[in-house]
Amino acid sequence: CLYEGTFRKYHAFDPSTGQPWTKDESRNYLRECISACEALMGSGLYGLHKSDDKASQYRELFISERVHTDEVIWARVYNTALNVTHTLNNTFTNMQYGSLSLTKQFVNTYLNLDGSRFTDKEGYDKVPFTSEFAGRDLRLTQSVRHPGYTRKNESGKTVNYAPDFVYCVTGYHPIKWVIDDASLDKNTSPCGTCIPIIRYAEVLLDYAQAKAELGEMDAEVWNRTIRPLRERAGVSGDMPTSADPYMQQYFLDTVTDMYVLEVRRERGIELLLEDLRYDDVMRWSMGKLFEQPWYGIYVGELGKTYDLDGNGKDDVCFVEQKPSSGKAGVTYIEVGTENLLTGGTQGYLNCYVNMIRKWDDKKYVRP
């Protein structure tokens, strides 16, 4: 109902017929969404999963061999002993043309722990990768390889891991679903972690969005939905006092309502890589987002070595041409053909610049 209600709100016409929607279709669907959410929220059967460590409790939902039934409503259960396994580690770490890379534009949407906007900070657009995780929403370090991120290597030794630019072109390498053991990264390696399909967090976000779309967001709704999600991640849960200009720009100046923007921010962060974003883009009539450039981490200088894994030793260097003999332990990343820097010799990585991505509105419906 949330999908149908918002699709009808943000699309003036039914794209399969070319005819306008009837007058109250959007509101009726959103009301049904609210009723369904209220039934679940009032049942007392579910809540948000919490543990003793805020820095890991969110990610526990996605790398556990058991279902955290305090929050997970429906899951696909795997079991290595029964040989019922998946290969998600390989998907997120080793598939050169199938791995996922988060964009700088998206990573910028994560708030600071005090609830302030990262993009309100002067010079935010030039904050280096080594510094941009500090003081941010704890879901960021539970979703992306960051300085200090460690996992077991194939020998079983726990070591720091930098982003692997062979498989993650932007440098924002996802870890949300990844077991911290490189021996499981092969395409034949069995992983037995459960996969949540529907979580209580999604119910809260559906409710918050339906209320915001109807202009009914207030302190009571906020405190039942967005506040607990942010506070679980260590972020201040206070309501916004103004619309975020960065979020308005992110959504191509199609939305100005501060509550709708904040719900979209929270939905993107909380439900990251849970197979919902494409449907969100479709129902919000935001297909043009697919045409946006793929920006990666900020590179301050070509030829300079950087310590991206936080172990005190430089490990990555961006160059126009790889040297015949480089510094030991340093991976050299070429820029200048397929991947550029936005400022020429410095700036964001601008990935796959020669790839033409053209949106056509007929894609809002399936063939």
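FYI, the numbering just counts along the sequence from 1. Below, each value reflects all heavy atoms present in this structure, side chains not excepted, and no hydrogens, waters or symmetry copies.
The CG atom of Asp164 lies 8.5 Å from the SG atom of Cys168; values are rounded to the nearest 0.5 Å.
The closest side-chain heavy-atom distance from Ile73 to Val203 is below 4.5 Å. Counting heavy atoms from C-beta outward, Asn90 and Lys186 have side chains that stay 4.5 Å or more apart. Residues Thr225 and Val263 form no side-chain contact, since every pair of their non-hydrogen atoms from C-beta on lies 4.5 Å or further apart. Side chains of Leu308 and Ile297 form a contact here, defined as non-hydrogen atoms less than 4.5 Å apart. Side-chain contact between Tyr352 and Asn339: present, with at least one pair of heavy atoms (C-beta onward) separated by less than 4.5 Å. At a threshold of 4.5 Å between non-hydrogen side-chain atoms, the residues Val330 and Val316 do not count as touching. Within the 4.5 Å cutoff, the side chain of Asn89 has no heavy atoms near those of the Thr87 side chain. Contact of the Arg265 side chain with the Arg117 side chain is registered, since non-hydrogen atoms from C-beta on lie closer than 4.5 Å.
Of the candidates Tyr250, Tyr259, Trp284, Trp284 is the only one forming a side chain to side chain contact (heavy atoms under 4.5 Å, CB included) with Arg264.
Within a 6.0 Å radius of CD in Gln249, no more than 12 heavy atoms belonging to other residues, nucleotides or ligands are found. Heavy atoms of other residues, nucleotides or ligands lying less than 6.0 angstrom from CG of Asn83 number 12 at most. The number of heavy-atom neighbours closer than 6.0 Å to CG of Asp360, taken from other residues, nucleotides and ligands shown, is above 12. Within 6.0 Å of CD in Glu320 there are 12 or fewer heavy atoms belonging to other residues, nucleotides or ligands.
Looking only at atom types and distance, the side chain of Asn108 has a donor-acceptor partner in the side chain of Tyr246 under 3.5 Å away. Between the side chains of Ser51 and Asp53, no donor-acceptor pair of N or O atoms lies under 3.5 Å. Under 3.5 Å, the side chains of Glu338 and Asn354 contain a donor-acceptor pair of N or O atoms. Counted by atom type alone, Glu25 and Thr22 present one or more donor-acceptor pairs between their side chains at under 3.5 Å. Side-chain atoms of His49 and Gln57 form no donor-acceptor pair, as typed in the model, at a separation below 3.5 Å.
Hydrophobic clustering (ILVMFWY, side-chain heavy atoms < 4.5 Å, transitive): Tyr295 and Val169 are in distinct clusters. One hydrophobic cluster, built from ILVMFWY side chains closer than 4.5 Å, holds both Tyr3 and Tyr10. Val319 and Val299 are members of different hydrophobic clusters when ILVMFWY side chains are connected at heavy-atom separations under 4.5 Å. Placement of Ile63 and Tyr161 in two distinct hydrophobic clusters is found when ILVMFWY residues are connected by side-chain heavy-atom separations under 4.5 Å, directly or transitively. Hydrophobic clustering, with ILVMFWY side chains joined whenever heavy atoms are under 4.5 angstrom apart, keeps Ile198 apart from Tyr278.
Here the side chain of His86 pairs a donor or acceptor atom with the backbone of Leu88 at under 3.5 angstrom. The closest donor-acceptor contact from the side chain of Asn79 to the backbone of Leu82 lies under 3.5 Å. With Arg59 contributing its side chain and Ile175 its backbone, the two residues share a donor-acceptor pair below 3.5 Å. Side-chain atoms of His173 never come within 3.5 Å of backbone atoms of Gly171 as a donor-acceptor pair (strictly under, hydrogens ignored). A distance-only check finds a donor-acceptor pair linking the side chain of Thr254 to the backbone of Phe251 [under 3.5 Å]. Remark: side-chain polar atoms of Asp24 are not paired, donor with acceptor, to backbone N or O of Arg27 under 3.5 angstrom. No side-chain donor-acceptor contact under 3.5 Å links Lys121 to the backbone of Val127. Checked by atom type and distance alone, the side chain of Arg277 never pairs as donor or acceptor with a backbone atom of Leu273 at under 3.5 Å. Distance alone, capped at 3.5 Å, places no donor-acceptor pair between the Lys288 side chain and the Leu252 backbone. Not one N or O on the side chain of His68 forms a donor-acceptor pair closer than 3.5 Å with the backbone of Leu61.
Pairing each heavy atom of Asp181 with each of Asp185, the nearest pair is O-OD1, 3.7 Å. Heavy atoms only, all atoms of each residue included: Pro190 and Leu184 are closest at O-CD2, 3.6 Å. Minimum heavy-atom separation, Arg66 to Ser64: O-OG, 2.8 Å.
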Practice prompt. List the steps and the verdict of salt bridge (charged side-chain N to carboxylate O under 4.0 Å, His left out) for Glu216 and Arg31.
Written response: CA-CA 11 Å; Glu216 297 175 3; Arg31 290 277 172 226; 2.4 Å; yes
Item to complete: Determine, step by step, whether Arg224 and Glu38 satisfy the salt bridge (charged side-chain N to carboxylate O under 4.0 Å, His left out) criterion, reporting the C-alpha distance in whole Å, the side-chain angles of both residues, the deciding distance to 0.1 Å, and the verdict.
Response: CA-CA 11 Å; Arg224 293 182 70 188; Glu38 286 177 338; 5.3 Å; no
Item to complete: Please assess Lys54 against Arg232 for the test side chain to side chain contact (heavy atoms under 4.5 Å, CB included), listing each intermediate value before the final yes or no.
Response: CA-CA 7 Å; Lys54 282 189 175 182; Arg232 176 169 68 171; over 6 Å; no
Practice prompt. List the steps, then state whether side chain to side chain donor-acceptor pair (under 3.5 Å) holds for Asp253 with Gln248.
Written response: CA-CA 5 Å; Asp253 296 314; Gln248 291 184 59; over 6 Å; no
Practice prompt. In sequence, state the C-alpha distance, the side-chain angles, and the governing distance for Cys33 and Tyr207, and then conclude on side chain to side chain contact (heavy atoms under 4.5 Å, CB included).
Written response: CA-CA 7 Å; Cys33 171; Tyr207 183 71; over 6 Å; no
Item to complete: Please step through salt bridge (charged side-chain N to carboxylate O under 4.0 Å, His left out) for the pair Arg227 and Asp238, ending with a clear verdict.
Response: CA-CA 7 Å; Arg227 179 182 289 275; Asp238 292 345; 3.5 Å; yes
Practice prompt. I would like to know whether Asn112 and Phe118 meet side chain to side chain contact (heavy atoms under 4.5 Å, CB included); could you show each step before the answer?
Written response: CA-CA 6 Å; Asn112 298 317; Phe118 174 73; 4.0 Å; yes
Discussion item. For Glu270 and Arg199: C-alpha separation, side-chain torsions, deciding distance, then whether salt bridge (charged side-chain N to carboxylate O under 4.0 Å, His left out) applies.
Written reply: CA-CA 11 Å; Glu270 177 68 27; Arg199 300 190 285 123; 2.9 Å; yes
Practice prompt. Take Val178 and Arg151, measure what side chain to side chain contact (heavy atoms under 4.5 Å, CB included) needs, and give me the verdict at the end.
Written response: CA-CA 10 Å; Val178 176; Arg151 64 196 305 246; 3.5 Å; yes
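Using cut-offs of 30° and 60° for the angle between ring planes, the Tyr348 and Tyr298 rings count as perpendicular. Under the 30°/60° scheme for interplanar angles, the aromatic rings of His11 and Tyr364 are found to stand perpendicular. Using the six-membered ring where Trp is involved, Tyr172 and Phe129 have ring planes that are tilted, between 30° and 60° apart.
By the 6.0 Å and 45° rule, Lys322 does not stack over the aromatic ring of Tyr332. Remark: Arg357 is positioned above the aromatic ring of Trp294, its terminal NZ or CZ atom under 6.0 angstrom from the ring centre and at most 45 degrees off the axis.
Taking the six-membered ring for Trp and the full ring otherwise, Phe165 and Phe318 have centroids separated by under 6.0 Å.
Under 4.0 Å is where a charged nitrogen must lie from a carboxylate oxygen, and between Arg230 and Asp137 no such pair does. Note on Lys50 versus Glu71: no salt bridge recorded, every NZ/NE/NH1/NH2 to OD/OE distance being 4.0 Å or above. One finds a salt bridge joining Asp280 and Arg267 here, because a Lys/Arg side-chain nitrogen approaches an Asp/Glu carboxylate oxygen to under 4.0 Å.
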